[in-house]
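What you see below is based on every heavy atom in this structure, not just the backbone, and it leaves out hydrogens, waters and symmetry mates. Order of appearance sets the numbers: ligands from 1, and atoms from 1 within every ligand. Every value quoted in this text rests on a predicted model; they were computed, and no experiment measured them.
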Amino acid sequence: MTGAEGLTECKLTHASGAAATVHLLGACVTSWTQSDGHDILYCRPDAKFDGSKPISGGIPHCFPQFGPGEMQQHGFARNLDWDIGSTSADVNPDDPDPSVEMVLEPSDYTKDMYESDFKAIYRVTLRASQLICEMAVVNTGDAPLTFTGALHSYFAAKIGDVQVKGLEGLTYLDKIVDGNNPPEKEAPKEPVTISGPVDSVYLNAPEEVNVITGHPYDLEIQNASWPDVVVWSPWDEMPEAYPNFVCVENAVAKDAVTVPAGETWTSQAVINAVKK
Ligand code: TA6
């Protein structure tokens, strides 16, 4: 499968009837449907899949910069076709947990923005009601590598019903007030609800947050190695889209990760769809 000409996406199908589509552009999971057809993820009406811009929806990558910073917002990993490292989906259609592994390595395009030598490896595994997203960053160079990043996950939701639980009382950066120099605030002791534009980076978040979506499935999101959680709703800046999604993102946003030469940073985000 590596380097297969013309391949733009990979479909994972599970014996339960669940399915996921992963685009090589940005290694972006663009849909994750349950056996009843309900899609847990959301793609905006303005999403493009032809490479003319990063995919606006699903689970895009922000790497090696969450932003803002010296690079374009969200870095370059969203703009590029990743290579398929391996996929059990094609090799073994009966695999109980189909998965695909994608790889991104430096090019002249990335070197212009980011000098470090790296290999980013992203494995997506589909289970009946679970999506496992494992990201690793290998420092293939001989100097320390630093990055910030996020899984910029767009979840289908009824915005007025959304509650994000697990962030109560945390310190957060309020990027609505100032995207470049956000003030630190203390979150109330209640779940996050959304009644206007929200762009908040919750620092040192717990390993699990829960999202009430207003749809038949709520979400449990467990993570390892992503210290921050971002909650974003553009509200009426995107009038056609905002009522239908919330971004709840596992992130390394405030303090960059440093990977020593030759070493590897590993992470995991496990999203459970919980039927109500
Ligand atoms: O992750 C939140 C955020 O960085 C917001 O600050 C906002 O800029 C948004 O992402 C943009 O997302 P998009 O998918 O349109 O690039």
- Message: Under the criterion ring-ring contact (aromatic ring centres under 6.0 Å, His included), I'd like the reasoning laid out for Phe63 against Phe118: C-alpha separation, chi angles, the key distance, then a yes or no.
- Response: CA-CA 11 Å; Phe63 175 83; Phe118 69 91; 5.6 Å; yes

- Query: What protein heavy atom is closest to atom 12 (O) of ligand 1, reported as residue, atom name and distance in Å?
  - Reply: His152 NE2, 2.9 Å

- Using a strict cut-off of less than 4.0 Å between a Lys/Arg side-chain nitrogen and an Asp/Glu carboxylate oxygen, indicate whether Asp46 and Arg44 qualify as a salt bridge. yes

- Message: Nearest non-hydrogen contact with atom 16 (O) of ligand 1 belongs to which option: Arg78, Gln73, Glu237?
- Response: Arg78

- Query: Is it true that Lys276 and Asp218 make a salt bridge, defined as a side-chain N closer than 4.0 Å to a carboxylate O?
  - Reply: yes

- Message: Give the atom numbers and elements of ligand 1 that come within less than 4.0 Å of a heavy atom of Tyr154.
- Response: 12 (O), 13 (P), 14 (O), 15 (O)

- Message: Suppose we measure from atom 6 (O) of ligand 1 to each protein heavy atom; which comes out shortest, and what is that distance?
- Response: Asp199 OD2, 2.5 Å

- Query: Would you call the rings of Phe147 and Trp265 parallel, tilted or perpendicular, where under 30° means parallel and over 60° means perpendicular?
  - Reply: perpendicular

- Note on the structure: Per-atom filter on ligand 1: closer than 4.0 angstrom to a heavy atom of Glu249 are 1 (O), 2 (C)

- Distance from atom 15 (O) of ligand 1 to nearest protein heavy atom, with residue and atom: Arg44 NH1, 2.8 Å

- Message: Determine whether a donor-acceptor pair (N or O, by modelled atom type, separation under 3.5 Å) exists between the side chain of Lys111 and the backbone of Glu115.
- Response: yes

- Message: My understanding is that we take every heavy atom of each candidate and find the minimum distance to atom 4 (O) of ligand 1. Doing that for Met238, His74, Lys175, Lys53, which one comes out nearest?
- Response: His74

- Output field: ring centroids His152/His74 closer than 6.0 Å: yes

- With only distance considered, is Trp232 within less than 3.5 Å of ligand 1 through an N or O on each side? no

